[in-house]
Amino acid sequence: MSAAAADVPEKTPLEERLISLIKANGPISIADFMSDALGHPHEGYYMTGAPIGADGDFTTAPEVSQIFGELIGLWLVQSWIDMGEPAQFNLVELGPGRGVLMADILRAARVRPGFIKAADLWLVETSGRLRHEQQQRLKAVGAKPLWADEFGDVPEAPHLIVANELFDCLPIQQFERLKSSWRERLVGVSEDGASLAFTHAKTPPLPEIILPPAEQTEEGAIFEICAPGETLAGEIAVSLVEHGGRALILDYGHLSSGLGDTLQAVRRHKYWPVLASPGKADITAHVDFEALARAAIAAGAAAWGPLQQGVFLERLGLSARLEKLCEGKSAMEAETLRLGARRISEPEQMGEVFKAMCLSAPGLPPPAGFEAP
Ligand code: SAH
């Protein structure tokens with residue numbers, strides 16, 4: 001397919017089926033739409049495509065610079081030391097993509113052979129295609145991971161967990177402040193019945209859904225809730241409290257809960273209409289770190305951060321590592337390394353919109369990078 005043809009929305013079989021379903025049963029929530037568009041077993045975006053990297057639809061920090069994974073590897077080793085160097089623990093990655101981050105983590109963690117020896121490697125991944133890619137890449141660094149469909153399937157043990165750009169693809173619901181009250185924003189069909197279109201629920205949201213007071217909010221405002229993300233943060237926290245450990249969550253998102261429509265789709269490194277060609281574009285929303293921290297704290301865990309990714313990486317030694325890597329390299333190689341490091345850390349690139357947050361078993365010392373400066 002030529003690049004130009006790829007830019008024209010095409011009707012996917014999933015879209016046809018959603019249109020028929022909505023015509024028969026009424027509109028569906030944005031969360032249900034996202035679940036199908038991303039996770040449908042045969043037609044979901046992550047199940048069928050090759051989403052990540054220069055040839056895919058989007059790129060991520062570990063794909064841009066090896067320093068990202070190396071610093072996180074050392075962060076995990078320090079966390080293991082802070083935990084008293086347990087003889088066995090689960091090293092868990094949620095949503096490992098092409099396995100690049102874990103390969104860099106394991107390479108850097110070789111500085112402490114005891115860490116590697118104690119770690120059982122678990123990858124939580126829904127996509128069979130990406131699992132295969134993870135297996136190939138990790139085999140090359142001598143690792144033998146085990147896979148789980150969901151976090152709850154990972155056996156109980158102290159955990160060290162990392163999740164980069166996983167929470168942003170978990171389904172969200174949106175609520176819009178209409179004339180006098182909140183209504184859930186739903187996915188229906190256009191007037192001519194030919195395509196998917198946004199609409200609203202006819203009745204107000206259930207009372208257990210906590211929204212900002214309508215009288216203090218302007219008409220047209222949007223509030224987003226990621227229930228699966230909050231549930232996952234709570235599950236992680238319960239496990240950390242019971243068995244010990246830490247989780248490092250990196251993603252783009254906001255420091256505190258707020259208003260705004262952050263639902264977006266990306267295809268071939270460009271924005272794409274959210275409802276067009278479901279299954280062919282990545283759909284994400286900003287992560288509400290305050291909501292995740294609230295869920296984790298309610299389950300008894302400690303939460304550190306969130307803080308800007310650039311600040312976090314710099315505190316972990318990004319500049320020093322970059323200079324070390326550039327030693328003895330050609331001018332062109334060094335420039336590529338510098339460009340990558342800048343991209344993941346500079347505020348106007350990925351350094352500010354991306355945040356890092358640590359969930360921790362209570363009683364552990366402040367995690368590296370999160371201490372008060
Ligand atoms: N962490 C990687 C990839 C991020 S893309 C990186 O930084 O490059 C999101 C990843 O999460 C993909 O591997 C995708 O298949 C996986 N994923 C999406 N939804 C998931 C879910 N509900 N449970 C587990 N993995 C999921």
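First listed ligand is number 1; within each ligand, the first listed atom is number 1.
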May I ask you to identify the nearest protein heavy atom to [atom], giving residue, atom name and distance to one decimal place in Å?
{"atom": "atom 6 (C) of ligand 1", "value": "Thr60 OG1, 3.3 Å"}
{"atom": "atom 20 (C) of ligand 1", "value": "Thr126 OG1, 3.6 Å"}
{"atom": "atom 18 (C) of ligand 1", "value": "Cys169 SG, 3.5 Å"}
{"atom": "atom 9 (C) of ligand 1", "value": "Glu165 O, 3.4 Å"}

> Are Phe58 and His269 close enough that their ring centers fall under 6.0 Å?
Replying inline: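 That pair fails the under 6.0 Å test.
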Distance filter under 4.0 Å to [X] heavy atoms, resulting ligand 1 atoms:
{"X": "Val124", "value": "24 (C), 25 (N)"}
{"X": "Leu166", "value": "11 (O), 17 (N), 20 (C), 25 (N), 26 (C)"}
{"X": "Pro62", "value": "6 (C), 7 (O), 8 (O)"}
{"X": "Asn164", "value": "1 (N), 2 (C), 4 (C), 6 (C), 7 (O)"}

> Does an N or O anywhere in Asp149 fall below 3.5 Å from an N or O of ligand 1?
Replying inline: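 Between Asp149 and ligand 1, no N or O pair is found under 3.5 Å apart.
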>> Below 3.5 Å, N or O to N or O, backbone or side chain included: is there any such pair between Leu170 and ligand 1?
In response: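 So ligand 1 has no N or O lying under 3.5 Å from an N or O of Leu170.
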> Which is it for Glu184 and Gln173 under the side chain to side chain donor-acceptor pair (under 3.5 Å) test, yes or no, and what are the steps along the way?
Replying inline: CA-CA 7 Å; Glu184 184 166 357; Gln173 284 168 281; 3.2 Å; yes
>> Please classify the Val100 to ligand 1 contact at 4.0 Å (heavy-atom distances, strictly less than): side chain, backbone, both or neither.
In response: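 Neither part.
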